[in-house]
Amino acid sequence: MLTVTTGCTDGFEAANRNPNQTDQVNPEYLFNTSVYNTLNVYCGSMKKVLLANYAQYYAGAVGGQIQRYANQGSTNDSYWRGAYEAMLPLQFVENKLGVNGEYHNRVLISRIWKYYLYSQAASIWGPIPMSEALSGNAHVPYDSEKDIYYALLDGLKECAESIDPKGDVFIKDPVYPEGNGFSDLDKWVRFANSLRLRLAVRICNADPVKAKEVITELLRDESLLMTSNDDNCMAKWGNNVGTRNYFYDYLVVNREANSDKLHSVGEAILMYTAPYHDPRAKVWFTEADVRTMPDDFQWAPYWGQPKVAYLPEGVTLEGGNPHSGKTAVDYSQLNDRFIAESYAEVIMSYAEVCLLKAEAVYKNLGNGSKTASEYYGQGIRASMSQYGVSTAEADAYMQVPGIRWNTLTDLNANSYGEDYYKDFIGIVSSAITAEEPDPVYRQIIMQQYVALFYQPLDAWTLHRRSQVLEFTPHLQPETGYGAINAGTADNPYAYVPARLVYPDSERINNLDEMNKGINLLGGNGDTMGTLLWWAVPYKLNPYL
C-alpha cells in the first residue's frame, strides 16, 4: 500500500499543477484519469485472463494457471495495484477540494465512483483496506466486509442526497455527459442509488436486516433509481493508441499474433441462451463454421468452446469427443462490437436494476410499485432493447417455457430431449425443472446472468452469491500455485474460485495488517476457496 500510494500521489500532484495557479488541482483531469484506470484494470487484462473465464462468458486463452483456477503472484499484484491506482485520483480530489463549496458536486461524483471501485475490489478479495487506505501511511489496516458494505451503502446514500441539481458539474463528464458534455447530475443520483440496490441485494444472505432496510427505502421512490436504458452507466474507451479498447489492440491490431487466444464464445453462456432461442445471441455471437461442429449440432449455428475439452476418466461419448483437436478459431466468436476501438463498457444497466428489484420483491426484501413478475419482464425487455432486439422478438422469447415467469423448461420440445440444454459432457444443464428447490428464483438469476453479459466481474459475483446456476467444474485444474484445490486423485476437478488471495506485495509492505485481514475472513484462511461474507456454499455437481 505504501509504495503505490506515495508514488502515485506525488505523480498526480505534479501532473495537476496549473502553470498560472500552482496550487490549483484539476478535478476534471483526475476524474477522467480514474475512469480510464478503471477500464484498464477491470476491462483489460483482468477481464481476458481471469474474469471472463470465471464467469464462463468466453474462452480462448484458457491454458494458463490463472485460467486453471490457480494464483499467480505477479499478476495478482498488478490487479491489486491497479484497483487502488484507479481510486487514488478520486481520493486526491476529495482531500484537496472536499471543503471547497465551488467543487461540491464534483467531489460527490468522485466519491460515488470511488465507492463503486471499492465495491468491485471487495467483491474480489473480501476484507481490504478502505477507511484508512490511500493515506500514505506505511501500514494500512483492513476493514471487515460488513464495515465496508455499511460504509458504501451509507456513503452512496449521502452522495445521492447531497448533490445540488443546480450546482457545479464536470465540463467533460466521461460517464454521464449531457449533450454539451456537462455532467448529468440526475443520472449520477440514479446511479448512486442503483448501486446501493446492487450492494443491498448482494449482502441479503449475510445481513438480511440491513439489506431489507436499504431496499425498502429505495423502493419507496423508484424514480431515484435507473428508470430506462438512458440511465445505463457506461465508460467509453478512447480513440487513440494511449486510450483505446484493450481488446482492439489485442484482437484487431495484433490479431495474427493472438490467433490462438481469440474470444471464442464460452459453452456456458450458449447453454443459457441458444436452447431458448435468445435473440441476443445473434447480436453477441458470430455463427460458427458448420464444418467445424458436430453433425446435427443442437445449438447450430452457434458453437461454444468448453472450459476444458477433456473427458473425465471413464466417460466416453458416442462418436468421440467433438472438441478434440479444435482451437479457438473453430468456435463462435464474440461480435466485433465488443472489440471496437471506442467500445463503451457497461458498468451498470437498467436491466440489472429491474432484475434486482424482481429478486428483492420475490425474496420479500421490499415492496415496490410492481410485482416480481412484472419487474422480471421489465428486466428482460430492457436488456433486449439495450442490444437493439425488436419488441416482436422479445415478445416471442418471453413466451418460451422456462423463460415465461413461473414455467418449467419443456424437455420434450424437440428430438434432443433434455440433452438440448446440457453441456457436451452432459453433467450440467440450463433447464428449469421441478427438481430445482426454487425454479422461479433460478429463472431470475439466469436472466441476471444473461443480462450481465460482458460484465464478468459482476457475473462472477452473482454466481457466488446465489449458486443456483450450473457451470461445468474445471476438469483439469492447476495442482500448484495456491490453486483452489490440489487436483488430487480423490478430487481431480475444481469449482469456480470464491475469491483471489492477497497479493505478495502486501506480504512485503503490510504483513501485520494483512494477517489481521485474513482473520476477518472467518478463520478459513487466505485461499481461493474461502467464501466471502455474502457468498453461499458451492452448488456441488451430483455427477462428480
Side-chain angles (χ1 to χ4, degrees), residues 47-69 246-278 280-312 315-340 416 419-430 450 453-454 456 471-477 493:
K47 178 184 278 191
K48 173 180 70 71
V49 174
L50 185 146
L51 298 175
N53 282 279
Y54 285 7
Q56 302 200 20
Y57 280 150
Y58 59 79
V62 295
Q65 64 197 51
I66 293 178
Q67 292 90 356
R68 297 196 304 273
Y69 297 168
Y246 172 91
F247 293 107
Y248 177 80
D249 280 325
Y250 194 83
L251 296 172
V252 177
V253 177
N254 299 306
R255 188 176 184 86
E256 185 174 346
N258 295 314
S259 61
D260 60 332
K261 303 178 183 69
L262 300 180
H263 284 182
S264 50
V265 177
E267 184 184 49
I269 184 62
L270 275 186
M271 185 175 73
Y272 288 103
T273 53
Y276 298 94
H277 307 292
D278 192 320
R280 288 167 289 192
K282 67 181 180 182
V283 181
W284 294 341
F285 316 132
T286 66
E287 297 183 2
D289 188 333
V290 67
R291 295 170 296 181
T292 70
M293 65 179 69
D295 293 338
D296 196 29
F297 182 60
Q298 74 263 35
W299 298 342
Y302 306 109
W303 194 26
Q305 186 173 6
K307 183 66 180 166
V308 175
Y310 167 78
L311 295 177
V315 174
T316 59
L317 297 177
E318 185 177 349
N321 185 345
H323 298 283
S324 180
K326 302 296 183 183
T327 62
V329 74
D330 294 313
Y331 299 94
S332 293
Q333 304 295 311
L334 262 64
N335 190 290
D336 285 348
R337 68 186 295 154
F338 297 107
I339 58 176
Y416 296 102
D419 289 343
Y420 192 55
Y421 303 92
K422 290 184 176 182
D423 68 326
F424 88 101
I425 301 176
I427 62 173
V428 296
S429 170
S430 67
V450 175
F453 179 69
Y454 213 59
F471 296 96
T472 308
H474 204 305
L475 302 173
Q476 288 182 312
Y493 55 87

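Values in this document were obtained by computation on a predicted structure and should not be read as measured data.
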**Item:** With Y302 via ring-ring contact (aromatic ring centres under 6.0 Å, His included) - residues at least two apart
**Value:** none
**Complete:** Closest non-hydrogen contact found for R337 with V283 is NH1-CG1, 2.9 Å
**Asked** D419: what forms a side-chain contact (heavy atoms from CB on, under 4.5 Å) with it, not counting sequence neighbours?
**Response** K422
**Request:** Take the angle between the ring planes of Y246 and Y250 and call it parallel below 30°, perpendicular above 60°, tilted in between.
**Result:** parallel
**side chain to side chain donor-acceptor pair (under 3.5 Å) involving Y421 - partner list, sequence neighbours excluded** = none
**Fill in**
Of all heavy-atom pairs linking A288 and Y331, the shortest is CB-C, 4.1 Å
**Prompt:** Residues two or more places apart in sequence or in another chain: which of them pass ring-ring contact (aromatic ring centres under 6.0 Å, His included) with F285?
**Reply:** F453
**Request:** Mind listing the closest non-hydrogen atom pair of P301 and S332 along with its distance?
**Result:** O-OG, 4.1 Å
**Message:** Cation-pi check for Y58 against K47: NZ or CZ below 6.0 Å from the six-membered ring centre and within 45 degrees of the axis, yes or no?
**Reply:** no
**Y454-H263 aromatic ring centre distance below 6.0 Å** = no
**Asked** Quick one: salt bridge (Lys or Arg N to Asp or Glu O under 4.0 Å) pairs with a partner in residues 326-336, sequence neighbours left out?
**Response** none
**Least distance between heavy atoms, Q333 atom then S264 atom** = OE1-N, 3.5 Å
**Flag side-chain contact, heavy atom, 4.5 Å: V450 against T273** = yes
**For P294, side-chain contact (heavy atoms from CB on, under 4.5 Å) partners two or more places apart** = F297, W303, P322
**Item:** Results of ring-ring contact (aromatic ring centres under 6.0 Å, His included) for Y54 - residues two or more places apart only
**Value:** Y69, W460
**Request:** Can you sort out the partners of D289 under salt bridge (charged side-chain N to carboxylate O under 4.0 Å, His left out), two or more places apart, ordered by chain and number?
**Result:** R291
**Fill in**
What one should report as the nearest heavy-atom pair of V265 and I269 is CG1-CG2, 3.7 Å
**Under the side chain to side chain donor-acceptor pair (under 3.5 Å) test, residues paired with Y416 that sit two or more places apart** = D296
**Message:** Once side-chain contact (heavy atoms from CB on, under 4.5 Å) is applied, do any residues pair with V290, and if so which ones, sequence neighbours excluded?
**Reply:** none
**Request:** Could you pull out all residues at least two apart from D423 that satisfy side chain to side chain donor-acceptor pair (under 3.5 Å)?
**Result:** T472
**Prompt:** What are the two closest non-hydrogen atoms of H323 and E267, and how far apart are they?
**Reply:** NE2-OE2, 4.5 Å
**Item:** Contacts of N254 that satisfy side chain to side chain donor-acceptor pair (under 3.5 Å) - sequence neighbours left out
**Value:** none
